[in-house]
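Beneath this line is the structure, given in structure tokens, with notes to follow.
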Amino acid sequence: LRTEDGQKSDSLEGIGLLFKVGAVVRPWLLLGFEASTWYRQENSVHVSFDHYDAVATFFPFYDKGFYAKLGIGVGVISVAFDSPVLGSFSDSSDPGLDLKLGLGYEWQISRSFNLGLDLTFTATAFEEGQTQDLMSHLSFSWY
């Protein structure tokens, strides 16, 4: 990505959202699906990275809250801008291969409700190049 003055940026802040659904296969293993997005708007430029992954989450000490996750799926970049002179423009890249690695911790609040902190790194390879992003988020899980 490039900043407003045309310089290449290695790090940009944005807003991220995550939705996950799955099943407890073993007390230490969850299998599921995660859909996440990272979005940033700067002036009239809108950029989003979307990820759709099958994910395995491992709780190595299932009576404790630490977990690691590994996922694979599809990633898509979308760019749009509005210009009073040029009008609106939107472009979505071809889908790319998505690899996801994450670490986190969940605190058991009640029998089936957990509050967690998650840090996830995702690398996506497209025909035109690749992207990497790092998202941290607060999660609420019902089991």
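Here the structure is a predicted model, which means the values were calculated and not measured. Positions are given from 1, in the same order as the sequence printed here.
How far OG1 of Thr122 is from CD of Gln132: 10.0 Å, rounded to the nearest 0.5 Å. With values rounded to the nearest 0.5 angstrom, Phe49 atom CZ is found 11.0 Å from Asp98 atom CG.
With sequence neighbours excluded, the residues satisfying side-chain hydrogen bond (donor to acceptor under 3.5 Å, both in side chains) with Thr120 are Lys69, Asp118. Partners of Thr37 by side chain to side chain contact (heavy atoms under 4.5 Å, CB included), not counting sequence neighbours, listed by chain and number: Leu17, Ser48, Asp50. Residues satisfying the salt bridge (charged side-chain N to carboxylate O under 4.0 Å, His left out) test with Asp133, not counting sequence neighbours, are none. In this structure Ala35 satisfies the side chain to side chain contact (heavy atoms under 4.5 Å, CB included) test together with Phe33, Tyr52, sequence neighbours excluded.
Clustering of Ile, Leu, Val, Met, Phe, Trp and Tyr side chains at separations under 4.5 Å places Leu134 together with Leu119, Phe121. With a 4.5 Å cut-off between side-chain heavy atoms of Ile, Leu, Val, Met, Phe, Trp and Tyr, the cluster of Leu97 takes in Ile72, Leu99. In the hydrophobic clustering, where aliphatic and aromatic side chains (Ile, Leu, Val, Met, Phe, Trp, Tyr) are joined below 4.5 Å either directly or transitively, Leu70 groups with Leu101. Grouped by direct or indirect side-chain proximity (heavy atoms under 4.5 Å, Ile/Leu/Val/Met/Phe/Trp/Tyr only), Leu138 sits with Phe66, Leu103, Tyr105, Trp107, Ile109, Phe113, Leu115, Leu117, Phe140, Trp142.
Across all their heavy atoms, Phe59 and Lys64 have their closest contact at CD2-O, 4.1 Å. When all heavy atoms of Ala56 and Leu29 are compared, the pair lying nearest together is CB-CD1, 4.4 Å.
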Report task. Any chance you could lay out the side chain to side chain contact (heavy atoms under 4.5 Å, CB included) test for Lys100 and Ser36, step after step, and finish with the verdict? Result -> CA-CA 11 Å; Lys100 179 179 282 191; Ser36 61; 3.6 Å; yes

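Between Gln130 and Thr124, every side-chain heavy-atom pair lies at or beyond the 4.5 Å cut-off.
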Pairs under 3.5 angstrom only: tabulate donor-acceptor contacts from the side chains of residues 18-28 to other protein residues two or more places apart or in another chain.
| unit_1 | atom_1 | unit_2 | atom_2 | d |
| --- | --- | --- | --- | --- |
| Lys20 | NZ | Ser141 | OG | 3.3 |

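With hydrogens and angles ignored, the 3.5 Å screen pairs a side-chain donor or acceptor of Asp53 with a backbone N or O of Gly73.
Under the 4.5 Å side-chain contact rule for hydrophobic residues, Tyr67 and Leu30 share a cluster.
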